[in-house]
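Counting from 1, the numbers follow the sequence of the chain as shown. These values consider heavy atoms only, across backbone and side chains, with no hydrogens, waters or symmetry-generated copies. Quantities reported herein were computed from a predicted structural model and do not represent experimental measurements.
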Amino acid sequence: MANDSERPELVLFDLGGVLCRFEPDRRAAELATAIGVTEDEVHALVFASGLDQECDLGLHSEAAILERFRLLGFSGDRDGLRRAWATAFVPDRAVIALAIALRSEGVVVATLSDNGPVLLAAIESVVTPLAIDEHVFSCMLGATKPDPAAFLAALKFLDARPQQTFFVDDNPINVLGARQLGIRGAQANRAADVESALRSVGLLRAH
């Protein structure tokens with residue numbers, strides 16, 4: 001179990017819902033315009049079909065995803081697909097400022113996000129590199145939260161121990177999954193709550 005008195009050396013942030021507001025309708029609108037279909041058709045073709053979940057699990061490369069969209073009528077290039085995909089993620093600048101502050105105190109900051117290779121390729125256009133040491137996406141791990149395999153693979157990738165780690169996610173089920181592995185965690189989706197959670201474990205001392 002985690003030692004609750006130990007100051008974390010690593011903070012894992014969820015992306016959509018913590019570091020960013022997740023607004024999937026923005027992405028659907030961009031893709032619908034680019035393909036020439038309705039937003040409902042985009043949801044059916046991409047998301048309701050299970051393609052998005054398969055991408056999150058790393059079952060399709062970025063090139064294969066682009067080819068799938070071209071078959072649907074997408075006429076853009078790789079960068080155009082990345083831009084469209086990234087529109088669903090609107091940075092929360094207050095939370096990103098907290099991440100930058102953590103790094104200034106020597107804390108390692110990483111994302112742990114259920115997302116695929118298209119967003120991973122575009123991530124620096126969404127979240128400034130100043131805020132994050134490593135981006136860890138489910139497509140790299142072959143598992144999504146709250147599967148224990150996702151957390152364990154992320155810790156292995158980051159060379160971290162559970163008791164060194166603090167996890168922030170807007171989904172309480174994901175937080176519970178982390179806690180069951182000895183990772184301290186907090187549910188939060190507003191900057192004030194994120195800051196309070198970080199301070200509760202001894203972080204942001206200099207701010």
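- Val18 places a side-chain heavy atom less than 4.5 Å from the side chain of Val194.
- For the atom pair CD of Glu54 and SG of Cys139, the computed distance is 13.5 Å after rounding to the nearest 0.5 Å.
- Not a single donor-acceptor pair under 3.5 Å links the side chain of Arg21 to the backbone N or O of Gly16.
- Under the 4.0 Å criterion applied to side-chain N and carboxylate O atoms, Glu30 and Arg26 are not assigned as salt-bridge partners.
- Put simply, the side chain of Ile123 does not reach to within 4.5 Å of the side chain of Thr111, judged on heavy atoms.
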Worked verdict on Arg27 versus Glu39 for salt bridge (charged side-chain N to carboxylate O under 4.0 Å, His left out): CA-CA 9 Å; Arg27 176 174 55 190; Glu39 291 181 38; over 6 Å; no
Worked check of salt bridge (charged side-chain N to carboxylate O under 4.0 Å, His left out) between Arg103 and Asp133: CA-CA 8 Å; Arg103 292 190 72 207; Asp133 291 286; 2.9 Å; yes
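- Looking at every heavy atom in both residues, Arg184 comes nearest to Arg7 through NH2-C, 4.3 Å.
- In this structure, the separation between CD on Glu124 and NE2 on His135 is 6.5 Å, given to the nearest 0.5 Å.
- Taking the six-membered ring where the residue is Trp, the centroids of Phe151 and Phe167 are separated by under 6.0 Å.
- Closest heavy-atom contact between Ala186 and Val175: O-CG2, 3.6 Å.
- Aromatic ring pairs are classed by plane angle as parallel below 30°, tilted from 30° to 60° and perpendicular above 60°; the pair Phe47 and His43 is tilted.
- When the side chains of ILVMFWY residues are joined at heavy-atom separations under 4.5 Å, either directly or via intervening members, Phe22 and Val127 end up in a single hydrophobic cluster.
- Counted within 6.0 Å of CD1 on Ile173, heavy atoms from surrounding residues, nucleotides or ligands total 12 or fewer; the atom is thus considered open.
- Side-chain contact of Ser113 with Asn115: a donor-acceptor pair under 3.5 Å is present, judged by distance alone.
- By the rule that hydrophobic residues join a cluster once side-chain heavy atoms approach within less than 4.5 Å of another member, Leu119 and Leu51 end up as members of one cluster.
- By the 30° and 60° cut-offs, the orientation of the rings of Trp85 relative to Phe69 is perpendicular.
- Atoms CZ and OG1, from Phe137 and Thr144 in turn, are 14.0 Å apart once rounded to the nearest 0.5 Å.
- Inter-residue side-chain proximity for Asn171 and Asp14 is flagged as unmet; no heavy-atom pair is nearer than 4.5 Å.
- Using a 4.0 Å cut-off between charged nitrogen and carboxylate oxygen, Arg82 and Glu62 count as a salt-bridge pair.
- At distances below 3.5 Å, not a single donor-acceptor pair connects side-chain atoms of Thr128 with backbone N or O atoms of Ala131.
- Shown here for Val136 and Ala154, the closest heavy-atom pair between the two residues is CG1-CB, 3.9 Å.
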Derivation and outcome, side chain to side chain contact (heavy atoms under 4.5 Å, CB included), residues Val37 and Val42: CA-CA 7 Å; Val37 296; Val42 168; 3.7 Å; yes
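- Leu141 contributes atom CG, which lies 11.0 Å from atom CG of Asp56 (distance to the nearest 0.5 angstrom).
- Hydrophobic clustering (side-chain heavy atoms under 4.5 Å, transitive across Ile, Leu, Val, Met, Phe, Trp, Tyr) keeps Leu57 apart from Leu66.
- Residues Phe157 and Glu134 have side chains in contact (heavy-atom distance under 4.5 Å, counting atoms from C-beta outward).
- The 12-atom threshold is not exceeded at CZ of Arg93, counting heavy atoms of other residues, nucleotides or ligands nearer than 6.0 Å.
- Between the side chain of Glu41 and the backbone N or O of Thr38, at least one donor-acceptor pair lies under 3.5 Å.
- The distance from the CD1 atom of Ile35 to the CZ atom of Arg70 is 12.5 Å, given to the nearest 0.5 Å.
- Closest non-hydrogen pair, Ala101 versus Leu204, comes out as CB-CD2, 3.9 Å.
- The environment of Arg190 atom CZ is sparse: at most 12 non-hydrogen atoms of other residues, nucleotides or ligands sit within 6.0 angstrom.
- In this structure the side chain of Val90 never reaches within 4.5 angstrom of the side chain of Cys20, judged on heavy atoms.
- Checked by atom type and distance alone, the side chain of Ser196 never pairs as donor or acceptor with a backbone atom of Ala192 at under 3.5 Å.
- Side-chain atoms of Val107 and Pro8, non-hydrogen and from C-beta on, never get closer than 4.5 Å to each other.
- No donor-acceptor pair under 3.5 Å is formed between the side chain of Gln163 and the backbone N or O of Ile183.
- Side-chain contact between Pro117 and Ile65: present, with at least one pair of heavy atoms (C-beta onward) separated by less than 4.5 Å.
- Taken from CG in Leu81 to CG in Leu31, the straight-line distance is 6.5 Å, to the nearest 0.5 Å.
- Of the charged side-chain nitrogens involved, at least one lies within less than 4.0 Å of a carboxylate oxygen, so that Asp169 and Lys145 count as a salt-bridged pair.
- Linking ILVMFWY side-chain heavy atoms closer than 4.5 Å, directly or via other members, places Val168 and Leu176 in two distinct hydrophobic clusters.
- Between Leu203 and Arg199 there is no side-chain heavy-atom pair separated by less than 4.5 Å.
- Nearest approach of Leu112 to Leu12, heavy atoms of both residues: CD2-CD1, 4.1 Å.
- Under a hydrophobic-cluster definition in which Ile, Leu, Val, Met, Phe, Trp and Tyr are linked whenever side-chain heavy atoms come within less than 4.5 Å, directly or via other members, Leu10 and Leu130 are assigned to the same cluster.
- Between Val109 and Ala99, the closest heavy-atom pair is CG2-O, 3.8 Å.
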